[in-house]
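Computed from a predicted model, the values in this text were never measured in an experiment. First listed ligand is number 1; within each ligand, the first listed atom is number 1.
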Amino acid sequence: MTTNNEKLQHLQERKEKILAAGGEQAVERQHSRGKLTARERIEYLLDDGSFQEVGPFVTHRATDFGMSEQIFEGDSVVTGFGTVNGRSTFVFSQDFTILGGSLSQVAAEKITQIMDMAGKTGAPVIGIMDSGGARIQEGVDSLFGYGNIFLRNVLFSGVVPQISVVMGPAAGGAVYSPALTDFVIMERGIGQMFVTGPGVIKAVTGEEITMEELGGADTHMVRSGVAHFAGEGEEGTLNIVQQLLEYIPQNNSEQPPLVLTNDSPDRTDETLRDIIPDDPSVPYDMKDVIRRIVDNADFMEVQESFAPNVLVGFARMDGKSIGLVAQQPAYMAGSLDVDAADKAARFIRFCDCYNIPIVSLVDVPGFLPGSQQEYAGIIRHGAKMIYAYSEATVPKVSVITRKAYGGAFIVMSSVMLRSDINYIWPQGEVAVMGADGAVNILYGPELREAENPEERRAELVDELTNVFNNPYRAANRGYVDDVIDPAETRGKIIRALKMLENKRDSLPPKKHGNIPL
Ligand code: HXC
C-alpha cells in the first residue's frame, strides 16, 4: 500500500517534471535567444507568489504521427490566475519549449477555460504568444481549438479587457486572436506576426523578405498599425502590460482605478498662453500641451508610431483615468487621413467600452486632400470617427486649441456629436475653412482684376478673420461653451469631468449598430 508520504512525493516529482517544461535543452535554447520560459514570464508579470496554475496535468490525446510518444503534462501552454498590482488577472502563456508552443486541441481548451472564468468573474485576460501555430500533427482538431478561442475573443470584447503580448512567432490564422483583443504588445526583435510567412510569399509572388521585415514589431508599429506598443526585452515588454492595466478597469461595469496624485487640480500653466505660434501655419508639438495639463506630465501613448498626425493614449487628471485624443500639428499639420481615423475611432470605442472619459484636444485643418486618400476610402474611414464619437456615452470634454475647420470640426468631439463640455482657446477658429482659402474661393475674380491684389487679399483675409475665423462666432451661437485662458485648461477640464462623473446617456434600443468598417 502506498503511504500518504509517498503519494505526496509522487505529486512533487510530477510537478517538478512539469516545471522543467520541454526539458533542459529546449529551455537553454529559449534562454539563449534572450527569451524567458512561459512560466518565468508569468512569474515576472504577476505579483510575487500570486499565480495559481490551472490544468498543469492536462495532456493531449493525439496519436497520429507518433504523438503518443510525445506527451508533456500541461501541454504547450501554461494557464491560470493571479494578481497584477493586487488586481485579479487571468493569464495564458504559450510554452515554446514544448512542441514549439504549437496549439493542440487541449491547449486551446486550457485557454478557453480561463477566458470563460475571466468573463464570469470580470477580470482581464493576458495572452502571451510564442508559438509555431496550429499543431500540425493534430490537423483539424487544432483549427477547432483556434476557432473556440476566436469566438471568446469576440464574445468577451467589451466585457473584460484582453491584452495580447507577442513574445515569439505568431503565424497564420493564429494572428487573429491577438488582432481581436484590445491591445497588442510586441517584443522588439522577438515578436513576429504574419498571416503568410516569407517562404509562402516567395513561392507565390517571388518577393523576398525577412521575417522581421515582414512581421516584426517595427513593421506593425509603423506600417500596419496592428501593434499598439513595442517593448524592449522580455521585462520591458511585460512592464507595459502592468502599466496599461493601471489605467483600465477590471470589466465593463467597473470604473478605472483611482491613483492619488499630488498634482493640484487647480494648477495653472502660463506657458500654455504662448504655445500656439502667432502664424497659424507654424506647427507646435501637441504633446507639450498634453504634458502640461495631465497629472505629473504622464502620458501613455498608444500606437505612437502609426498615423502620428493623431495622438491617442491614457493619462490621469486629478487621479482619474482619461483617454486622450488629439491632433498633432507637428505631423502633416494634424490633418485626418485614413489611418488616423481608424486609430482614433478604435481608441474612442475602447474608452467607451470601459468607462474611461474622453478628452479631445482639437487643432484640425481638415481631411488630407488627394486622390490617394479618396481611393483609400477616406469617406468610409473618416465616418468611423463620427460613428465612434457619436456612439460614445462616456463623459466627453473637448478643447479647441487652434483650428477646427469644416467637417473635421464636426468629427472632433463637437457638441453635435454630443460632446458634453467644449472649450476653445482665444487663438481658436471654428470655420468652414482657413481665411486664406476662403478668400480665394469667394473673391478669386475680384483679386485677379484688383490693382494691388496682395493688398486687397490681406484686407479680405482680415475681414474674414474678424467675422468668422475666430472663437467668438461659435461661442455666440453656443457651439462651444466658453472661450478660456489656456493657462487654466487643466482646472477647466478637471471640473468638467467631475461634474460629468455620474453622467448617464444611452443609445436607442438596437441589436448593434453598423459601424462603417
Ligand atoms: C508542431 C511544431 C510546429 C507546429 C514548430 N514545431 N511549429 N510542431 N506543429 N506548427 C516544433 C518543431 O517541429 C520543433 O520540434 C519545435 O517545435 C521547435 O521548432 P523549430 O522549428 O526548431 O524552431 P525555430 O527554428 O525557432 O522556428 C520556429 C518557427 C518554425 C518559425 C515557428 O518552427 C515554423 O515555421 N513552424 C511552422 C509554422 C507554421 O507554418 N505553422 C502553421 C501556421 S498555420 P522539435 O521536436 O524538433 O524540437 C496556422 C493555422 C492557424 O497556424 C489557423 C488558425 C485559424
Side-chain angles (χ1 to χ4, degrees), residues 20-38 41 59-72 74-78 92-112 115 127-155 164-181 184 186-187 189-204 208-217 219 226 234:
E24 217 172 300
Q25 239 183 330
V27 169
E28 251 170 45
R29 193 171 174 220
Q30 179 85 349
H31 284 160
S32 71
R33 294 171 155 178
K35 289 159 76 174
L36 296 171
T37 63
R41 286 168 170 170
T59 54
H60 71 72
R61 298 177 286 267
T63 51
D64 295 321
F65 299 100
M67 284 310 284
S68 38
E69 309 301 314
Q70 293 206 66
I71 291 181
F72 297 85
D75 209 78
S76 58
V77 66
V78 182
F92 67 89
S93 179
Q94 293 181 316
D95 188 343
F96 195 83
T97 69
I98 294 178
L99 297 159
S102 57
L103 192 97
S104 61
Q105 187 177 356
V106 294
E109 283 166 7
K110 286 180 70 175
I111 294 172
T112 54
M115 290 175 87
I128 301 175
M129 315 291 161
D130 188 3
S131 163
R135 172 101 30 104
I136 295 165
Q137 298 92 327
E138 290 200 19
V140 71
D141 292 337
S142 169
L143 302 185
F144 178 78
Y146 270 120
N148 282 317
I149 297 172
F150 296 170
L151 174 73
R152 280 155 183 84
N153 288 138
V154 175
L155 294 182
S164 301
V165 200
V166 183
M167 303 180 80
V175 293
Y176 286 112
S177 176
L180 290 164
T181 61
V184 175
M186 293 187 75
E187 182 175 352
I190 299 281
Q192 285 159 350
M193 301 174 75
F194 37 76
V195 173
T196 45
V200 176
I201 292 180
K202 181 148 195 281
V204 176
E208 288 194 35
I209 188 159
T210 64
M211 300 244 277
E212 191 60 27
E213 280 171 329
L214 184 65
T219 295
V226 167
E234 296 274 302

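- From Glu208, atom CD reaches atom CD1 of Ile201 across 11.5 Å, with rounding to the nearest 0.5 Å.
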Pairs of nitrogen or oxygen atoms, one from ligand 1 and one from the protein, closer than 3.5 Å: please tabulate them with distances.
{"residue": "ligand 1", "atom": "9 (N)", "partner": "Ile136", "partner atom": "N", "Å": "3.1"}
{"residue": "ligand 1", "atom": "10 (N)", "partner": "Gly132", "partner atom": "O", "Å": "3.0"}
{"residue": "ligand 1", "atom": "10 (N)", "partner": "Ala134", "partner atom": "O", "Å": "2.8"}
{"residue": "ligand 1", "atom": "17 (O)", "partner": "Gly100", "partner atom": "N", "Å": "3.0"}
{"residue": "ligand 1", "atom": "22 (O)", "partner": "Arg29", "partner atom": "NH1", "Å": "3.1"}
{"residue": "ligand 1", "atom": "22 (O)", "partner": "Arg29", "partner atom": "NH2", "Å": "3.4"}
{"residue": "ligand 1", "atom": "25 (O)", "partner": "Arg29", "partner atom": "NH2", "Å": "3.2"}
{"residue": "ligand 1", "atom": "26 (O)", "partner": "Arg33", "partner atom": "NH1", "Å": "2.9"}
{"residue": "ligand 1", "atom": "26 (O)", "partner": "Arg33", "partner atom": "NH2", "Å": "2.6"}
{"residue": "ligand 1", "atom": "41 (N)", "partner": "Gly132", "partner atom": "O", "Å": "2.7"}
{"residue": "ligand 1", "atom": "52 (O)", "partner": "Ala134", "partner atom": "N", "Å": "2.8"}

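- Evaluation of the salt bridge (charged side-chain N to carboxylate O under 4.0 Å, His left out) rule for Asp75 yields Arg135 as partners, not counting sequence neighbours.
- The shortest distance between side-chain heavy atoms of Phe144 and Glu138 does not fall below 4.5 Å.
- Around the OH atom of Tyr176, the shell of radius 6.0 Å holds no more than 12 heavy atoms that belong to other residues, nucleotides or ligands.
- Using a cut-off of 4.0 Å between Lys/Arg side-chain N and Asp/Glu carboxylate O, Lys35 and Glu28 are scored as not salt-bridged.
- Ion pair Glu234/Arg41 flagged as a salt bridge, since at least one NZ, NE, NH1 or NH2 atom sits closer than 4.0 Å to an Asp/Glu carboxylate oxygen.
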